[in-house]
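I have placed the structure first, in the form of structure tokens, so that the comments after it can refer back to it.
Here, residue 1 is the first one in the sequence, and each next residue gets the next number. Both counts, for ligands and for their atoms, begin at 1 and track the order of listing.
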Amino acid sequence: MKNYITENKERFLEELMDMLRIPSVSADPKFKDDVLRTADYVKQKLEAAGADKVELCQTAGYPIVYGEKMVDPALPTVLVYGHYDVQPADPYELWNSPPFEPVIKNDKIYARGACDDKGQMYMHVKAFEAMMQHNALPCNVKFMIEGEEEVGSSNLGTFVKNNFDKLKADVILISDTGMLGNDTPSITSGLRGMSYVEVEVTGPNRDLHSGSYGGAVANPINILCQMIASMHDENNHITIPGFYDNVEELSEEERHEMARAPFDLEKYKQSLALTDVHGEKGYSTRERISIRPTLDVNGIWGGYTGDGAKTVIASKAYAKISMRLVPNQTSEEITEKFTKHFKSIAPASVQVVVKPHHGGEPVVTPTNSVAYQAAARAYEEAFGIKPVPVRSGGSIPIVAMFKQVLGIDSVLMGFGLDSDAIHSPNESFGIFNFLKGIETIPLFYKYYAEMSKGE
Ligand code: BES
Ligand code: MN
Ligand code: MN
């Protein structure tokens, strides 16, 4: 298997780069045809790798690519999930090379989607090809690759609910997360949930001269900034009443266990050019980005931002706000608490509207399952180092839904690194990581089949 990967690595990389050339930005309707072309590309590659019944399952949005290889009903079935859509590449001017013209530099591929998730998803297609070529597929496999992960997976949710039988499987396998480092492999054991809202603050009914009116009417931008600032206290706790009511508090033992995963704060600061970190009092940086909930402004706008200066009091101000959730918070509960609070702190001089966007529930995946243990053995063999479980701060809302609707646990076998800069300019994916992923995945299948036998 290893030889096959080495012999074919140039082709694997070229195929990935061809896919990276298609700008499949799901958030922006301008790229609609490209997103659809990417679905076709994935379909064609799954077929070529040897999958049966490959089809584009139409949804109210972008299609889901499905394919399968059923070798023997007595064997366990692995359902592979990934996404072919990518984040917008903006701001383009911060890229060292165009985001949709992949280049290889310093043993990394640079392009939007190189890691999240085209590169990681494609490892599964190539690992499957390798197993098929060796007549060594030890499990049944189903692929479900969607095109709307970066916009909340709402149509996939419907698809999952309506296709219970089609998606029957023993485990869900996903590579859409990261690991601590190439010499400190880790397996993601949890993801945060999400509540995402957009707020609109309206002051006067039109934009006003800031001299004639300034001082006498509410400036919605000033007010919005005050409202946002008030949502964290001096200890960086979130001030929304009841926000922490259901938050799962970890025991000292659990926190101690977590702290054993290697983490270098100085390197962390250095890599982000920070003079200091910032966050909730009483928690470490690792804890702040995994087991604690957050509230962040993702964008804020209003008024005049063009060249020069314009003296104006805008009629409206806006912000997009995300809250990352941890076990036992729910997106519905938190969206409701946010909305109520946001309205309650608005002064009488403005009107506010809160529009909920997508949400998703947090999830913790078991580390004592056969599937997790098989993944751990696969990493240990491929990397020569035992992987540690790490809870991640990111969100993949469909993972909680898989558990809730299908009753199936996921194994989050990520191979990305923080330095891959997903969602940022100059996203990249190490060639080492891409190939290591292709090597590790068949080992998972092998150990999972073996270890499931006694079940
Ligand atoms: N692959 C990421 C999720 C991720 C990132 C998990 C880093 C672990 C570590 C995924 O594509 C993503 O970006 N998800 C969104 C959520 C979605 C609802 C837009 C996120 O986390 O912001
Ligand atoms: Mn992703
Ligand atoms: Mn993403």
Of the side chain and backbone of [X], name the one, both, or neither that has a heavy atom under 4.0 Å from an atom of ligand 1.
X      : value
Ser392 : side chain
Ser322 : neither
Met179 : neither
Glu150 : both

(request) Would you tell me which option among Ser395, Gly394, Pro397, Gly414 has the nearest heavy-atom contact to atom 3 (C) of ligand 1? (result) Ser395
(message) For Lys43 versus Glu55, what's the shortest heavy-atom pair and its separation?
(response) CE-CA, 4.1 Å
(message) No waters, cut-off 2.8 Å: how many protein N, O or S atoms are close to the Mn ion (ligand 2)?
(response)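 Count of protein N, O, S atoms less than 2.8 Å from the Mn ion (ligand 2): 4.
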(request) Applying side chain to side chain donor-acceptor pair (under 3.5 Å) between Asn236 and each of Arg292, His278, Lys281, Glu280, report the one that passes. (result)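 Running side chain to side chain donor-acceptor pair (under 3.5 Å) over Arg292, His278, Lys281, Glu280 with Asn236 returns exactly one hit, His278.
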(request) Find out whether the Lys NZ or Arg CZ of Lys105 is both under 6.0 angstrom from the six-membered ring centre of Tyr110 and within 45° of the ring's axis. (result) yes
Answer yes or no: is there a side-chain heavy-atom contact under 4.5 Å between [X] and [Y]?
X      : Y      : value
Lys45  : Tyr122 : yes
Thr38  : Met19  : yes
Lys142 : Tyr66  : yes
Val390 : Ser290 : no

(message) When you measure from the heavy atoms of Gln87 to every atom of ligand 1, does any distance fall below 4.0 Å?
(response) no
(request) Check if Asp176 has a non-hydrogen atom at a distance under 4.0 Å from any atom of ligand 1. (result)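 Distance cut 4.0 Å: Asp176 passes for ligand 1.
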(request) With heavy atoms of Arg324 as the reference, note each atom of ligand 1 found under 4.0 Å away. (result)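 With Arg324 as reference, the close atoms of ligand 1 come out as 20 (C), 21 (O), 22 (O).
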(request) Provide the number and element of each atom of ligand 1 under 4.0 Å from a heavy atom of Ile422. (result)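 With Ile422 as reference, the close atoms of ligand 1 come out as 5 (C), 7 (C).
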(message) With no hydrogens and no angle check, just 3.5 Å: does a side-chain donor-acceptor pair link Asp233 and Thr239?
(response) no
(message) Geometry only, no angles: is Thr177 polar-contacting ligand 1 at N/O separations under 3.5 Å?
(response)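 No; every N/O pair is 3.5 Å or more apart.
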(message) Regarding ligand 1, does His83 bring an N or O atom to under 3.5 Å of one of the ligand's N or O atoms?
(response) yes
